[in-house]
Participant: 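Take a look at this one; I'll ask things after.
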Amino acid sequence: MPSTLASRIERLEVDDGEIVILRGCRQCGAMVPGNPALTPCGQHPPAPKPAGKVINIQRSYGQDAERARLH
């Protein structure tokens with residue numbers, strides 16, 4: 001029987017082949033799959049619950065200078 005650490009590493013190495021990109025709506029802040037500008041606030045499709053690996057990337061380009069968080 002593999003150790004707990006070995007089984008955790010094995011689960012991390014499994015590739016489900018699916019990448020879901022979520023973006024925050026500038027007006028309401030909702031996380032939206034795809035482009036939130038394509039649907040009005042209140043009618044955004046629901047974002048799927050994260051499963052597996054999640055990578056959060058804060059972007060600074062294309063935003064107001066006050067809202068940009070440069071690191």
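Index from 1, following the sequence.
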Participant: Met31, Val20: one ILVMFWY side-chain cluster at the under-4.5 Å cut-off?
Facilitator: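 Same cluster.
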Participant: Between Pro36 and Gly24, which heavy-atom pair has the shortest distance, and what is it?
Facilitator: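 Looks like CG-O, 3.9 Å.
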Participant: So how far is it from His44 NE2 to Asn35 CG, rounded to the nearest 0.5 Å?
Facilitator: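 Rounded to the nearest 0.5 Å, the NE2-CG separation comes out at 10.0 Å.
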Participant: Work out which heavy atom in Leu22 is nearest to a heavy atom in Pro48; give both atom names and the distance.
Facilitator: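 Result for this residue pair: CD2-CD, 3.8 Å.
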Participant: For residues Val32 and Pro46, determine if any side-chain heavy atom of one lies less than 4.5 Å from a side-chain heavy atom of the other.
Facilitator: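 No; the side chains remain at least 4.5 Å from each other.
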Participant: Does CD1 in Ile21 sit with more than 12 non-hydrogen atoms of other residues, nucleotides or ligands closer than 6.0 Å?
Facilitator: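 At most 12 heavy atoms, drawn from other residues, nucleotides or ligands, come within 6.0 Å of this atom.
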Participant: Pro40 versus Gln27: any side-chain heavy-atom pair under 4.5 Å?
Facilitator: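 No - every pair of side-chain heavy atoms lies 4.5 Å or more apart.
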